[in-house]
*Asks:* 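Mind having a look at this structure? Questions to follow.
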4 protein chains.
Amino acid sequence: VSVVRRRRCAILGASGYIGQHFARLLAEHPWFEPVVLTSTERSKGRTLGDVWLLPEEIPDTLARARLTTATPRELRRAGIEVAFSALPSGKAGTIETALAKKGIPVFSNASDHRMDRDVPLLVPEVNADHLDLLTARPGGRAAIVNNPNCTAAGLVVGLAPIVPLLDPVRVYVATYQALSGAGVPGVPSLHIADNVVPFIADEEEKVAAESLRMLRSARPRDARPVRMEVVAQCARVAVRDGHLEAVTIEARRRPSLPEIRAAWTGFDPLALWDLPTAPRPPIELRSEPDRPQPLRDRWAGSPRRARGMAVTIGRVRWDPPLLRFFLLSHNAVRGGAGGSVLNAELALRAGWLGHPVGRPPS
Amino acid sequence: VSVVRRRRCAILGASGYIGQHFARLLAEHPWFEPVVLTSTERSKGRTLGDVWLLPEEIPDTLARARLTTATPRELRRAGIEVAFSALPSGKAGTIETALAKKGIPVFSNASDHRMDRDVPLLVPEVNADHLDLLTARPGGRAAIVNNPNCTAAGLVVGLAPIVPLLDPVRVYVATYQALSGAGVPGVPSLHIADNVVPFIADEEEKVAAESLRMLRSARPRDARPVRMEVVAQCARVAVRDGHLEAVTIEARRRPSLPEIRAAWTGFDPLALWDLPTAPRPPIELRSEPDRPQPLRDRWAGSPRRARGMAVTIGRVRWDPPLLRFFLLSHNAVRGGAGGSVLNAELALRAGWLGHPVGRPPS
Amino acid sequence: VSVVRRRRCAILGASGYIGQHFARLLAEHPWFEPVVLTSTERSKGRTLGDVWLLPEEIPDTLARARLTTATPRELRRAGIEVAFSALPSGKAGTIETALAKKGIPVFSNASDHRMDRDVPLLVPEVNADHLDLLTARPGGRAAIVNNPNCTAAGLVVGLAPIVPLLDPVRVYVATYQALSGAGVPGVPSLHIADNVVPFIADEEEKVAAESLRMLRSARPRDARPVRMEVVAQCARVAVRDGHLEAVTIEARRRPSLPEIRAAWTGFDPLALWDLPTAPRPPIELRSEPDRPQPLRDRWAGSPRRARGMAVTIGRVRWDPPLLRFFLLSHNAVRGGAGGSVLNAELALRAGWLGHPVGRPPS
Amino acid sequence: VSVVRRRRCAILGASGYIGQHFARLLAEHPWFEPVVLTSTERSKGRTLGDVWLLPEEIPDTLARARLTTATPRELRRAGIEVAFSALPSGKAGTIETALAKKGIPVFSNASDHRMDRDVPLLVPEVNADHLDLLTARPGGRAAIVNNPNCTAAGLVVGLAPIVPLLDPVRVYVATYQALSGAGVPGVPSLHIADNVVPFIADEEEKVAAESLRMLRSARPRDARPVRMEVVAQCARVAVRDGHLEAVTIEARRRPSLPEIRAAWTGFDPLALWDLPTAPRPPIELRSEPDRPQPLRDRWAGSPRRARGMAVTIGRVRWDPPLLRFFLLSHNAVRGGAGGSVLNAELALRAGWLGHPVGRPPS
């Protein structure tokens, strides 16, 4: 792969949890170079080091970068070519639209545009072709591309290879979601210490709707449509990072267990794309009786740059018509910043961001 | 109710977590008087105070009671009329059988006999008539009566009133189980701090089998048999006490939501029995968006003696044919010692332990 | 003790953590009757049940009480005779002064007036005579009486009986402070999960200054002045309730260890006062090698009404001139609402709130 | 530095927590090559991957290494040149002695020999010359070299540069120790969830004795002897890794605060040695108000190989004669396996393990 140059990018909402994961992932990214970090008025002028929240190390190259409150117009003037949005849902929508109108494509973690008809809701391993939605846009306009909700992000990676095999009636999901999903200040410690909270606002609806949108768009020309439901129950547990999901599928078809396992282990749709943040393989199947676990598996993913991007699956039990398993993914990486970075890599490689990088797969 | 005298009872395995909950519940019980506490050789001769594990206060009257290693024969000689067993599963079976043969009825939390054909697996609110199994026993023999697995115990209370209404195809349960379910030493802190462990040995099988056994026995003469499956996924979370369960039911029938709620709130099958440890009502239905929670709801239950015996249900969502809710019960009280105490109360009141206490309900 | 009637009282800031402990302690108090609960504009009109934060049960009698935003004048008109203040420090000062000027005595947990010369900083077991400061006030004015900082509150109870014996040079304290000390939202869960935070704003200064003020005022006519320093290092740990303190004293005198232990166990300065919330004894000395522990000892204190008011001391090691021990007290009860309730009881009993209750000790 | 070859080494007790940190640190070590991993009979024949406990990734090169129960004789025959001991204290002593007699030098984390007169108790930054004790041994015998207790290890690094400046009377230490200090199974989760346990067997004695032994041996020819006490209070908190220590020093001398800070920041006694696992600098001084924190600072240390080896100091307050600060170090790295690896590097470099590596500093 020959990369002519790193695209100048902005991280919007860089003082928050997802924003800082963007900073961590982009600081030494081969294709993108973060040159503007925005935040709210409150943090303006402080360095990224001053507001660093993550237990992971701050990247040296960004520790002294100053937070700004640049407008879309100022970002345009600053020569920003790509924006990564970690803006809070609710506030993100209008800013992202404004940027797109100014010709700056936005890769967003916010939920505002996720269900918009002309916005790809993208997990590259699952529905890479969803980028084609962008062709529907009138010529001059740039794009908004969304990564999904943090729970849906891991789920669809686990479902994508087996949905065609199983033709599910329903997918039942109960979640054990990490604290970082709510950011900082997020969940007060007195709410969650020695406790589980069986409620996360709008989460169950998002998981259902976004998962279906992605799985359906994954197979546009497929003879058999996705005719299933996703039924979620979501709870918050006292874990720092890593969403665990208990998944039970009622299937219409009855493949063998080895076929199911092979569908997961052989799943590698990005094999030819050579994207820097793509985990290879995207699914790690564990055979131990007690995995996946947030503590041990949240950073799954290789190569090194793709740590936290793999989805781990374990405890697979197949009693037709029911398939049960546990699935884990890092909510702030695969389910957040890393998802959008991977989306941007796919978009760049596929030629959506000006010049394609290297040669796209045939 | 007139109670002639407190029955002399033994607590088997009194040094463990469930054993100590037995001590707490029986110390000042109106119908039972703990006079012997047994333990392993290792703790023999120490006082209950020396080995006290619970954060709850030790009852004054038992703090100086000495732990013994009495045999069934010695318990017989000591005039023990009832035994409460918190013996570890695996070791409990033969001891409990020996006691029953000596004529001492055993109310057990151990799993060894739970699926025996002639042993009632009893949750009084659910299948009080299961005690009738004891009539099948040859005359001289006393009884073993089991409370179920800690997860199944809460679940069946929540299901009992709605199963006839919904006629479920399947009940899907994902659990968030507390540390005390594994006792002490139990779960090493390094296994669970900042983590969830999606595995508890044999738990999913027990939840399914025991729940069905109880629900089926609940309705022996009913025209419509229970024709459903229970499908469980069990995980351990870093919570001290209180098992939370995410329940999704696929129903064959479509009652209204008010009918479902009324079935729960009107459920009070022990109303006439006047059992000291029976929570009235047995189910507390919460309307807040984020309940039940282990921290806030594990001690639900009134009157005071029945704290920890009520089952709390919340977040009820009815999208026919799917009913979703969260359910919580105190695993060591409702799902452990308290369950067996309530079983013994029912047995005594119903005349199975010699003389009936007061008048049984007509 | 004959109590003519319960004094009508207001709880200021009743929607917060300390405010709700006031509600819990006063709901069925024999001498005080909470008739007004105030909160900020935001919670106005909601019931106490709507905003209940504590894992402890809400008192039935207050669950439906509505929160108001009553001014001092309105409280006066409502016939309020005593106010308990759980207002946030910083905002509390002017409101408390206004109430006192209106003739309503205020028992406050806020820090604003703690170091005011004419405001008693009171822990009844330690410096009951500090109430005499009130005599200095011009006739018509009512009083503000403060309980100290939550860490200092437990510390001075543990120090009071031994300071005269040891004549300390310095008291070194390192703290392990609970989450509830910061209220809700308080400490974000992502700041403290799997962590210790070695900083609590202004805490070390308060512990030193307030402890000395109380210990000095405890012995006004004593020949030997308190000539010691208090040196604190304060940290927050992931514990819900209960401040643990590692105390090391460098002593000038060398009593025997039995003398030291006897000073603690024999300490009962409120023996004659018959105050409802006074723990008897105020200090519980543990001999186990691993106590006190927040989980097990935070609710120490009898009778029942005084749960959480006793200070637990353990691991006493005396290597002259150094005395080491650990000390624990419930930060929100002894170190918060309970402290002020006890102060009000003392004040009422001593005749400062109109008519004395019963007969004061001679 | 030219290294001819990697020394063949054994890791004793490789299935435990410290043993696995040895494996992690040595797997790709430039000077040592782990070729034998021993464990108890119970784990014999299993792979390191089968028993892996750490949340950190297992090194690829050792994942399939089989655990053995090799005797000292067998280790000798296998050509083992160096042994790293993570054996449990109590059992370690005789095995380590046997190995040393067979001519295999042992770098040990066990406490058995730490206070032996002819065994160096070594922290290279503090008392590198303690290795000279080995010259006292009769010619043929190899060495045992110990790293200290996990709490003392960090403490002495923090004290070494300032003890000469301050000439302390006493060092008061209160600790907040991590769960991994007790290994697995170690602390039961029910003992520590929502709790602090103010007791760790023998810990306070070890911290005092070992710290003094090291600090005294650090300055053998110094005019002014170390005439101070170390006074510890040790507690366990619910943190996975990283011992935090609240340190208060009573000083005889009064340097300026900048002098104290400079002593820490300028401390780099291993600058010339070029040891692979030496953190440079060994002390990281933080200026934020709320650092060090276990979560954020336990992995301090650069270069990459030295992660977890630096000691972090913060919240420095100097009110002569009292210096207060918090100090943090990774108990299982700096205070465990990493300490012994650094010891072995120093010994090798200094010529104690056959041929010196490269040129020793002049």
Side-chain angles (χ1 to χ4, degrees), chain C residues 55 169-170 172-179 190-201 204-205 208 229 231-248 250 286 288-298 314-315 317 319 321-328, chain D residues 55 169-170 172-179 190-201 204-205 208 229 231-250 286 288-298 314-315 317 319 321-322 324-328:
Chain C
V169 178
R170 281 193 204 92
Y172 299 92
V173 190
T175 68
Y176 306 70
Q177 296 187 221
L179 302 170
L190 280 172
H191 285 191
I192 198 70
D194 192 19
N195 204 12
V196 176
V197 177
F199 179 66
I200 301 171
E204 297 170 354
E205 294 76 7
E229 273 182 281
V231 183
Q233 302 226 53
C234 295
R236 183 84 65 196
V237 295
V239 162
R240 296 192 61 85
D241 288 303
H243 284 2
L244 181 71
E245 310 181 25
V247 183
T248 303
E250 184 189 350
R286 312 280 325 193
E288 298 91 333
D290 60 354
R291 300 286 282 270
Q293 296 175 15
L295 179 73
R296 297 176 190 284
D297 297 306
R298 56 194 170 205
R315 293 206 67 221
R317 289 145 292 158
D319 303 302
L322 300 180
L323 179 71
R324 282 177 291 171
F325 57 91
F326 279 90
L327 176 153
L328 185 116
Chain D
V169 178
R170 283 194 203 91
Y172 299 92
V173 190
T175 68
Y176 306 69
Q177 297 188 221
L179 301 169
L190 281 173
H191 285 191
I192 198 70
D194 191 20
N195 204 11
V196 176
V197 178
F199 179 67
I200 301 172
E204 296 169 355
E205 294 77 6
E229 274 183 280
V231 184
Q233 301 226 55
C234 294
R236 183 84 66 198
V237 295
V239 162
R240 296 193 61 85
D241 289 302
H243 284 3
L244 181 70
E245 311 180 23
V247 184
T248 305
I249 298 177
E250 183 190 352
R286 311 278 325 192
E288 296 91 334
D290 60 355
R291 301 286 281 269
Q293 296 176 14
L295 178 74
R296 298 177 189 282
D297 296 306
R298 57 195 169 205
R315 292 206 66 220
R317 289 146 292 158
D319 303 301
L322 300 180
R324 282 177 289 171
F325 56 92
F326 279 90
L327 175 154
L328 184 116

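Hydrogens, waters and symmetry mates are skipped; everything else that's a heavy atom, side chains included, is used. Numbers restart at 1 for each chain; the letters A, B, ... are given by sequence-line order, proteins then strands.
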*Asks:* Are the side chains of C:Q233 and D:T248 in touch, meaning some heavy atoms are under 4.5 Å apart?
*Replies:* yes
*Asks:* Where on C:A238 is there a heavy atom nearer than 4.5 Å to chain D: the side chain, the backbone, both, or neither?
*Replies:* backbone
*Asks:* What part of D:V196 gets closer than 4.5 Å to chain C, counting heavy atoms only: side chain, backbone, both or neither?
*Replies:* both
*Asks:* Counting only non-hydrogen atoms closer than 4.5 Å, does C:V173 touch chain D with its backbone (N, CA, C, O), its side chain (CB onward), both, or neither?
*Replies:* neither
*Asks:* Can you say whether D:R315 sits under 4.5 Å from chain C via the side chain, the backbone, both, or neither, judging by heavy atoms?
*Replies:* side chain
*Asks:* To the nearest 0.5 Å, how far apart are CG in C:N195 and OH in D:Y176?
*Replies:* 12.5 Å
*Asks:* Output the option from D:D241, D:V247, D:L179 having the highest count of non-hydrogen pairs under 4.5 Å with chain C.
*Replies:* D:V247
*Asks:* Name the member of C:G242, C:P198, C:A201 that forms the most heavy-atom pairs with chain D at distances under 4.5 Å.
*Replies:* C:P198
*Asks:* Based on non-hydrogen pairs under 4.5 Å, which of D:Q293, D:E229, D:R291, D:R236 is most in contact with chain C?
*Replies:* D:Q293
*Asks:* Is there side-chain contact between C:E204 and D:R317, with heavy atoms separated by less than 4.5 Å?
*Replies:* yes
*Asks:* Can you tell me which portion of C:R240 sits under 4.5 Å from chain D's heavy atoms? Options are side chain, backbone, both or neither.
*Replies:* both
*Asks:* Can you tell if the side chain of C:H191 reaches within under 4.5 Å of the side chain of D:L295, non-hydrogen atoms only?
*Replies:* no
*Asks:* Are any of the side-chain nitrogens in D:R296 or C:D194 under 4.0 Å away from the carboxylate oxygens of its partner?
*Replies:* no
*Asks:* Once you round to the nearest 0.5 Å, how far does CZ of D:R170 lie from CD of C:E250?
*Replies:* 4.5 Å
*Asks:* Would you call C:V231 and D:Y172 a side-chain contact if the rule is heavy atoms closer than 4.5 Å?
*Replies:* no
